[in-house]
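Numbered from 1 within each chain, the chains take letters A, B, ... in sequence-line order.
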2 protein chains.
Amino acid sequence: MKPITAEEITTQLSEAVHEHRLKPGAKLREDEVSEVFGVSRTIVRQALRNMAFDGLLTIEKNRGASVSKPTLKEAHEVFQARALLEPSTARAAAERTTPADIARLQRHIEEEHRALDQGQLGLALKLSGNFHLEIARIADQHTIEHFLKQLIYRSSLVIALYWKRRDALCENNTHNTLVEALSKNDGNAAEDLMTGHLLNIYSQLDLREREEESISLRDALRQ
Amino acid sequence: MKPITAEEITTQLSEAVHEHRLKPGAKLREDEVSEVFGVSRTIVRQALRNMAFDGLLTIEKNRGASVSKPTLKEAHEVFQARALLEPSTARAAAERTTPADIARLQRHIEEEHRALDQGQLGLALKLSGNFHLEIARIADQHTIEHFLKQLIYRSSLVIALYWKRRDALCENNTHNTLVEALSKNDGNAAEDLMTGHLLNIYSQLDLREREEESISLRDALRQ
DNA sequence: TGTGCATATATTGTATACAATGTAAAGATA
DNA sequence: TATCTTTACATTGTATACAATATATGCACA
């Protein structure tokens, strides 16, 4: 049996973060991870570094890797960047969307709903993010898709930290209306809907300054 | 004397690529690099991986790292992405620009001209790219700056491959007018100037389909 | 008790040895 | 000579041993 690659470990761990199975602040010791996946630390270190590049992990010298805890500023930046990239991408996608794409998107939405119905919030969150990536894929913009992937992963971290009400999850029929616009190849509508959708998510975050940073006082004083 | 870190090697090699001292297609053998910098391959591999993440290097399994050769499609994508990110960023920067920022930008432009006068095209190119990064820094958009850095490095590769006339370099007083707009905190002007500036660079590229891909026939048939 | 110091342990950082793979050279056969 | 096969070499991939650093533990002393 072939051993698992660094890239596969990266994917699995990234999905765990995306689904909030690994929460911001969680430590990932190299030994631990290497034992779980049955490979040497060499491979694990590659995977951890990959994730650090995507902004999912923060690696501190001699102190190891832990799931990143985006600051308020970073949280804002992530959504500002998405606001720049995604609406135009949605427009470009609309102009290229094929029936096959629509079918795939609809299957995707179904999955999301199923996950929600079964109370698998983390999974639903991941699928919701992948929906956005799927649109960049349709737009055939590989470079932007690459950036967007990082932004969406980080969005998941932002949501983990700053989501207003965990109980009431957004009833997301926005994705449906977006697919509708795409199926009509209506670029204007797609762009506007995406803009609104992002603003909607953004508004559901609690991005006010807060005192409770005392938790991370230790970290704050470390240097 | 302290040994050089992977990050420092990353920077030095990245600058070499940015300045076209290392050209697209150039191979970087681990042994060679490790000897040059006096460190083990372990460190070199980290650096090479870093650069691969930024899109500067392409690493093929068991075949090593070489400076990336962006395809026509990637070339287009890079400038499309820049067109989405940079104008808005210039606007944001204009609204926050301080006299100290202006001074730094002007020093920057002087350096560019000096490099041009001395015929150091590569250096001038790098400085020109850094000018754009400086604007993202002023805008205080760390996330976008991070993406932009990758895009600008890749732009350098695109220019190396697709620049129309190497002899006639763009007489760049656009940077000057941009600084002027920034100094007046004129966001609208800054945004428009940046849009035009990017279009101008884009128009100086020869991004038509070409036959001479036969050079890479070998690579094409490899799988 | 509580604080400071010294020691022990845990964890990451780096170099190196060996394995796996790819590339080039030499030889065999037609 | 041309092509295929085999062999040798060069290069990258992975695991592991050891060094460096950070964290935790125990002890002395006030």
Taken to the nearest whole Å, CZ/F37(B) to P/dA15(C) is 14 Å
Here the distance between atom P of dT14(D) and atom CD1 of I4(A), to the nearest Å, is 12 Å
Rounded to the nearest 0.5 angstrom, the CG-CG distance for L22(B) and L57(B) is 8.5 Å
Its contact letters, B for base, S for sugar-phosphate only and - for none at protein heavy atoms under 4.0 Å, make nucleotides 6-13 of chain D read -----SBB
Donor-acceptor contacts, no H, no angles, side chain residues 110-119 of chain A, under 3.5 Å, sequence neighbours left out:
residue : atom : partner : partner atom : Å
E112(A) : OE1  : H175(A) : ND1          : 3.4
E112(A) : OE2  : H175(A) : ND1          : 3.2
H113(A) : ND1  : I109(A) : O            : 3.3

Quiz item: Is the side chain of E77(A) donor-acceptor paired with the backbone N or O of T143(B) at a distance under 3.5 Å, no angle test?
Solution: yes
Exercise. For dT14(C), take OP1 and OP2 only and decide whether either is under 4.0 Å from a side-chain N or O of T42(B).
Key: no
Query raised in the report: For the residue pair F147(A) and F147(B), does the interplanar ring angle fall in the parallel (under 30°), tilted (30 to 60°) or perpendicular (over 60°) class?
Result: parallel
- Query: Has the side chain of H76(B) got a donor or acceptor atom that lies under 3.5 Å from a matching backbone atom of T71(B)?
  - Reply: no
